Amino acid sequence: MISDRFKQAVLKELKLDDFDIKDETLANQVPGWDSLNHINVIVAIEKEFKVRFKSIEVLKCKNLGDLQKLVDSKISK
Amino acid sequence: MMDKEKRMKFSTVWSRWESNAINSPDKDAIVFWRAGEEPFRWNFKELIETANKFSVQLKLNGIKENQVCAIIMRHNKWFYPLYMGVVGIGAIPAVLAYPNPRLHPDKFREGIRGMSHNSGLDWIFSERELEPILSPLLDTGSISGMKFPLEWNIEEEHEDLFEEIIENRKNRKPEDAFLLQHSSGTTGLQKPVLLSNKAVLEHVDNYAESISFSDTDKVASWLPLYHDMGLIAAYHVPLAFGMTSIQIDPFEWVLAPSLLLEAISAEKATLAWLPNFAYNLMADKINDLDLEGVRLDSWRLVINCSEPVRNDSHLRFLNHFGNYGFKESALSACYAMAETTYAITQTEPGRMPKVILADRQKLADGFVELIEDAAKARSCVSSGKLIKGCELRIVDENRADVPKGRVGEIAVSSVSMFDGYRNYPEKTAESLAGGWYYTGDYGFIYQDECYVIGRKKDIIIVAGKNIYPEDIEDTVSKVEGIIPGRVVAFGADDKELGTEVVAVLIESTLEDTGAKKKLKRKILQAGIDNDQNIARVYIVPSRWLIKSSAGKPSRKANKERILVNNDYLVE
């Protein structure tokens, strides 16, 4: 499930007041999350959770729920 | 690599490909690179054999010579022999962009409908997944039908048909149409450029010479093949010379830019072309985790093209990747356009592009004057010298040559130039006259090198993609609460991203911050629905916009005014 901390990191990076982010939300459904901004959002999440991703790990994420799971898996290590 | 004398014997692109398959059958032609998977390798022999199989299937499916075949597919390993198979029967391939998931199907369809009218598309080759989106187009325009080549059984043998294809190939002439590519513009209004075998062959030869292309070269590219930089530079040049091209899906690259570096390192690639934004993105965002084991010593040239070249982007790239073997001498730049097949100028290989500091104010007034005070200077990066077969002039608004040291519109002429936009006489008349193509770009010549500094039109270039401000204004004007005609869209420089971003300026009576934010959200959503990423929204009070004598808000004047004061930016 998308945590509030995860959601806020995304919204802050994209300068959005609010947007409903669910597990099944795709990156391209979030305003401002385009190809150019993609990496900025990923870096913002890395900073927020103090984790590092390999590009290939992010590439395998089909939706934001998968990305949240990736964060969770890194934190638990 | 074949010498020039031998190359000249082949008057069509197909015959060059065929000779490469005979001379270097086992050499890698295309390496189709996938994230986390073993790459798929086409050698020259298998590639041409598979292209022949596609040629047979195309004939069986009723495709005829000189018909334009639009290919709308995700990057896949079959794309390459299919494209060649189209050429093999004398039909004309036209690679079109695969729809971005953001784009509404109606909008995508509208674009293809416009293209079918202007470009004269005869067939669409696509994937089954796109059938529901594309099938309504079959009742309109020039399109005869839609085919799904990935479902064909290409192993079926039809010897008689194959014989006929081979016989027909003997009649092909250098002047015959070879491919259709599109110049800048909104999908649907893009200008179609039809190029002959002769134009493409002359260009790949001349361009290859300008970059000292040799037997040891290997190209690596993530560039989309609907763009001249991806199609001509990174695909046709190596294919015509019997050299390897490593191809990466652009959709994968934007999510994992390190893929290009992995491919270069693993395959010891020597050449790549990049738009300016990619330098910033790669330098700023690729982290050391992704660079484990990566070496870039083989990288001989990375050529900056399709956006204004920025020295800062080059330096960032060098600084970030220098530790991985990337050399300063690999930095390079060129000036190119679809209308001349591809390049007009190219910097000297092995030498970083020249950078000069020109007085910013004088430059704005049309004069090139070098100064030392960096605070008052604009750093201008050279796009190099003319390549063989090309000419260039700097002209004023009356298309007369400007004196030396002045800024003006760049006009070009080339042996590989188009002879007009297909089915677009009005656009042709605007830009082509007396054998010169008037590019709409502003620049100057300094010590025989070309410096491109801006554009005559207000086109916004975001990450190498051209966007017309009218399209953005049209989208925003339809948002509830917006007064049509009170919207201005422009490109705002983003130094961090190394490219422009789309900004909109709206005149409104709204005063409440919450209401402004709500309106901004609606605008951003409207942009998403039209595959337009609007990065900045400014809301200004009534009567703020500067209007032209015709009563229309002036993009240039309003952009200059708003950028002085960011107070109206809605956060």
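Chain naming here is simple, since letters A, B, ... match the order of the sequence lines and numbering starts at 1 in each. Quantities reported herein were computed from a predicted structural model and do not represent experimental measurements.
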Side-chain touch B/Tyr538/B/Phe490, heavy atoms, less than 4.5 angstrom = yes
Search all heavy atoms of B/Tyr324 against all heavy atoms of B/Val294 and return the closest pair with its distance.
-> CD2-O, 3.6 Å
For B/Gln247 and B/Ser221, test the side chains for any donor-to-acceptor distance below 3.5 angstrom and give the result as yes or no.
-> no
With a 4.5 Å limit on heavy-atom distance, are the side chains of B/Trp33 and B/Ile246 in contact?
-> yes
Does any heavy atom of chain A fall under 4.5 Å from the side chain of B/Ile528, the backbone, both, or neither of them?
-> side chain
Answer key: most heavy-atom pairs under 4.5 Å with chain A among B/Lys285, B/Glu571, B/Gln525, B/Glu292 is B/Lys285
Compute both the distance and the angle, then confirm whether B/Lys77 meets the cation-pi test with B/Phe40: under 6.0 Å from the six-membered ring centre, within 45 degrees of the axis.
-> yes
For residues 510-523 of chain B against chain A, heavy atoms under 4.5 Å, the residues are B/Lys517, B/Lys520, B/Arg521
side-chain hydrogen bond (donor to acceptor under 3.5 Å, both in side chains) pairs, two or more places apart, involving residues 58-72 of chain A | A/Ser3-A/Gln68, A/Gln68-A/Asp72
Quick check, are the ring centers of B/Phe321 and B/Phe326 under 6.0 angstrom apart?
-> no
So, does A/Glu57 use its side chain to make a donor-acceptor pair with the main chain of A/Lys54 at under 3.5 Å?
-> yes
Check whether any side-chain heavy atom of B/Asn533 lies under 4.5 Å from a side-chain heavy atom of B/Val502, and answer yes or no.
-> no
Considering only heavy atoms from C-beta outward, does the side chain of B/Leu225 approach that of B/His75 to under 4.5 Å?
-> yes
Is A/Asp18 salt-bridged to A/Lys7, cutoff N-O under 4.0 Å?
-> yes
Residue by residue, which of residues 41-52 of chain A have a heavy atom closer than 4.5 Å to a heavy atom belonging to chain B?
-> A/Val43, A/Glu46, A/Arg52
Does A/Gln29 use its side chain to pair, donor to acceptor, with the backbone of A/Leu26 at less than 3.5 Å?
-> yes
Are the charged groups of B/Arg34 and B/Asp249 less than 4.0 angstrom apart, N to O?
-> no
Mind checking whether B/Val476 and B/Ile534 have side chains closer than 4.5 Å, heavy atoms only?
-> yes
Would you indicate whether A/Gln8, at its atom CD, is surrounded by more than 12 heavy atoms from other residues, nucleotides or ligands within a distance under 6.0 Å?
-> yes
Chain B contact via A/Leu16 - side chain, backbone, both or neither, heavy atoms under 4.5 Å | side chain
How about residues 492-500 of chain B versus chain A: which residues have heavy atoms under 4.5 Å apart?
-> B/Leu497, B/Thr499
Interchain contact, B/Asn287 with chain A, by part (heavy-atom threshold 4.5 Å) = both
